[in-house]
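The figures here come from the full heavy-atom set of this structure, side chains too, leaving out hydrogens, waters and symmetry mates.
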Amino acid sequence: DLAKAVMSKLGLKGAQARHAPNRARKAKWEDWYRQNKGRYKSLEQAAGKVAAQAGVAHRTARDWIADWTRAERSAGKA
C-alpha cells in the first residue's frame, strides 16, 4: 500500500508538471476573454479569435469559452 501511495503521488506530480503550461495558457486566455467578450457578437466569433491566437483548435476554444460562461452564470446564482 505504501508503494502504491508513493507511485500515485509521483504520477500526480508528473501530470501536474506536464499540464502546467496548458493550464497557464488557458488561464491567460480566460482573462483575455473576460476583458474582451463584449467586442464579439457571438461565442463563435470569440472562439475563432482565441483559437487563432492561442494556437488551439476552434472546438477547444469554444469549449473553454462555454466553460467560462457556465462558471460565470453559476457564480451569479451563489
What side-chain donor-acceptor pairs closer than 3.5 Å can you find for residues 16-29, not counting sequence neighbours?
unit_1 : atom_1 : unit_2 : atom_2 : d
N22    : OD1    : R25    : NH2    : 3.4
R25    : NH1    : A54    : O      : 3.1

Checklist entry - Could you go step by step and tell me if E30 and W64 meet the side-chain contact (heavy atoms from CB on, under 4.5 Å) rule? => result CA-CA 8 Å; E30 181 177 6; W64 286 358; over 6 Å; no
Checklist entry - Measuring from Y33:OH to R39:CZ, what's the distance to the nearest 0.5 Å? => result 13.5 Å
Checklist outcome for this item: Between A61 and A51 the two heavy atoms that sit nearest each other are CB-N, 3.8 Å
Checklist outcome for this item: Separation between OG1 (T69) and NZ (K37), nearest 0.5 Å, reads 6.5 Å
Checklist entry - Who passes side chain to side chain contact (heavy atoms under 4.5 Å, CB included) against S8, sequence neighbours left out? => result none
Item to check | K41 backbone acceptor or donor facing Q45 side chain under 3.5 Å | outcome: yes
Item to check | Spacing of CG belonging to D63 relative to CZ belonging to R70, to within rounding of 0.5 Å | outcome: 8.5 Å
